[in-house]
Amino acid sequence: MEKLTSLFIFFSLLSLLFLSLSPSCVLANSHFEGFEPELDDVEDDDLSLPLTDLPLRPPPLTQSDPEPAGISSPDRDSDTPDPVSEPSDPQSTPSVSDSPKPSPTSFNYWDEDEFEGLPIEQPQEPVQQSSKSAEDSASTNPNSDSKPTSPIPKLANAPKSYTVEIVCGSFLVIFVINYFTGKRENENIALSWAAKFATKDSIFEKNFSLLGVGEGEDSPLLLKEGQNVFKFYASGRRYCQGLLATMELKSRHDLISRLYNMVVPCKDEISFEVYMNDDAMDHIIFAVARKKAAKGMQKDLKDLQRFAGILTPPSGRKWVPEELSVISESKEVAADLITEAVLDQVFGEKSFEKFGKYFISMHFSDQHSGMHKKMLLFKFALPDANNMADISRLVALVPYYIDTIGRYKLSSQARSKTETARSKAAQEAYRELQNARQEALQKRKAEKKKLMEEAEAKLSAEALRRKEAKDRAKQMKKAMPKIKMSRTR
């Protein structure tokens, strides 16, 4: 019994000695300050684990150099993530996924032989995307101070907006379509007028022997000067040299002008210019127009401004409606030109409401400013192509007044007044011409004097002195008395 007790004590002492010499006892308890687990012991514990449970990341290798090529020194910037850092919690139990790593200061004491036999992972292909590299760096360095950047998702290519291109293309298509349609509308209006008033058995064919711009029968009736301007010429009639009709239509071919006309409406117009013979027109200045247009005509036209004035309606006699104003040099001329036939056909109260809506103005003058002094001017609005017959009575005024003015003669009393006014106007015009000539002459002299002064300012002192001496000699020569030498016998 005593032998068994002694054997038990012997084995107990032996086991205590073995335990004291074993590497596990060297590990210090974490509860005591100044003691930390030895790295070699921890490495032994890690090596005791199965090799299949090790992570696939190859362990960092150390070399005998103080600063390995692949490992950053502790003096480097702390922001650079270290490949290996020690665990943040020394009390945490070591595991396969989170095993304790030696600090950077202990790399110099590692031995390369300790890592013999470990499987070496083949280098993987370089990662192309920045998001995967950020994830790998975050997994290898979980305790790094720098936060892993989240991958930036690439936005899908948004569909391109073709709004500007569509608007520009649509505007261009509409512009082209409007150009051809507007051009066709203006041509239809002009052709409709020509077919109504300039073809066979029409009013101009009956009153003029030559129609159109040519001499042959196949000559065109209209001359197109623009997409909205058409002209018609007629000649071969007594009392006048010829007639020129100009149609100025809306700019329907221009989209911008069409849109503008929707806001500010305007009308298609036709104007007639009749060039009277010099001996076929007496002293006549006369105009009829709508009230607003009449005031503008009297201000703008020199003959109306100088010789004529707006007449008041005579009492006890038929006269033009209130919408119209009559401008004339004398009441006698106005009464003789506004006849009963004209009032019944166009300018009467009832007839003007029906046929006068397209009337704008008419103006007769033997003092017209231009190449032709004696002219008759008519201006009417044009209806659409289907209602061209609405201006038939207005167009009939043109040949009617050609004959009326050609046969009209003033009375002696009215003629004396008109001659006095014209002689006075001629004198005023002559004085104006003389004043203009004097002003032009003085202006030329002033310019010449200015040029001479500028030239004298550029001369030197010696040249200026010679010029003054020359001028003084000329003045003395002019002041000397002239002596006439006579020969004595």
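For the numbers below, each heavy atom of this structure counts, side chains included, while hydrogens, waters and symmetry mates do not. Predicted, not measured: the structure shown is a model, and the values here were computed from it. We're numbering straight along the sequence, starting at 1.
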- Is any side-chain heavy atom of Y233 less than 4.5 Å from a side-chain heavy atom of L243? no
What one should report as the nearest heavy-atom pair of M276 and I405 is CE-CG2, 4.1 Å
>> I'd like to know if the side chain of S251 pairs up with that of D254 as donor and acceptor (distance under 3.5 Å, no hydrogens or angles considered).
In response: no
Practice prompt. May I ask you to check whether S411 and E332 show a side-chain donor-acceptor distance below 3.5 Å?
Written response: yes
* Asked: Does K224 NZ have over 12 foreign heavy atoms under 6.0 Å away?
  -> yes
Interatomic distance, CD@E349 vs NZ@K318, rounded to 0.5 Å, equals 10.0 Å
Residues E468, R472: salt bridge by 4.0 Å N-O rule:
no
Rounding to 0.5 Å, atoms NZ (K350) and CG (D344) come to a distance of 11.0 Å
One should read off an interatomic distance between D303 CG and Q298 CD, to the nearest 0.5 angstrom, of 10.5 Å
Exercise for the section: State whether a side-chain donor-acceptor pair under 3.5 Å links R258 with N178. Expected result: yes
query: Is the shortest distance from a Lys or Arg side-chain nitrogen in R290 or E323 to a carboxylate oxygen in the other one below 4.0 Å?
result: no
For D282 and Y408, does a side-chain donor sit closer than 3.5 Å to a side-chain acceptor?
no
> If we ignore angles and hydrogens, is there a donor and acceptor under 3.5 Å between the side chains of N387 and D384?
Replying inline: yes
Under the criterion side-chain contact (heavy atoms from CB on, under 4.5 Å), I'd like the reasoning laid out for N186 against M247: C-alpha separation, chi angles, the key distance, then a yes or no.
CA-CA 10 Å; N186 286 340; M247 284 179 278; over 6 Å; no
Evaluate whether atom CD of E447 has more than 12 neighbouring non-hydrogen atoms of other residues, nucleotides or ligands under 6.0 angstrom away.
yes
- State yes or no: are the ring centers of F364 and F286 separated by less than 6.0 Å? yes
* Asked: How about R238 and D403: do any of their side-chain heavy atoms sit closer than 4.5 Å?
  -> yes
(Q) Ring centres under 6.0 Å, that's the criterion: do F347 and W319 meet it? (A) no
### Query
Taking atom NZ of K379 as the centre, does the number of heavy atoms from other residues, nucleotides or ligands within less than 6.0 Å exceed 12?
no
Does the ring of Y239 carry R407 above it, NZ/CZ under 6.0 angstrom from centre and within 45° of its axis? no
* Asked: Relative to the ring of F232, is the ring of W193 parallel (under 30°), tilted (30 to 60°) or perpendicular (over 60°)?
  -> perpendicular
Measuring only between side-chain heavy atoms, which start at C-beta, is E205 closer than 4.5 Å to L211?
yes
* Is Q413 atom CD crowded by more than 12 heavy atoms from other residues, nucleotides or ligands, each under 6.0 Å away? -> no
Are F378 and I270 packed together at the side-chain level, in the sense that at least one heavy-atom pair is separated by less than 4.5 angstrom?
no
Does any part of the side chain of R422, heavy atoms only, come nearer than 4.5 Å to the side chain of E329, both counted from C-beta? yes
Exercise for the section: Go through S235 and Q241 one step at a time and tell me if the side-chain contact (heavy atoms from CB on, under 4.5 Å) criterion holds. Expected result: CA-CA 6 Å; S235 62; Q241 300 175 7; over 6 Å; no
Taking atom NZ of K409 as the centre, report whether more than 12 heavy atoms of other residues, nucleotides or ligands fall under 6.0 Å from it.
-> yes
* Asked: Will you find, in the side chains of E273 and Y275, an N or O donor that is under 3.5 Å from an N or O acceptor?
  -> yes
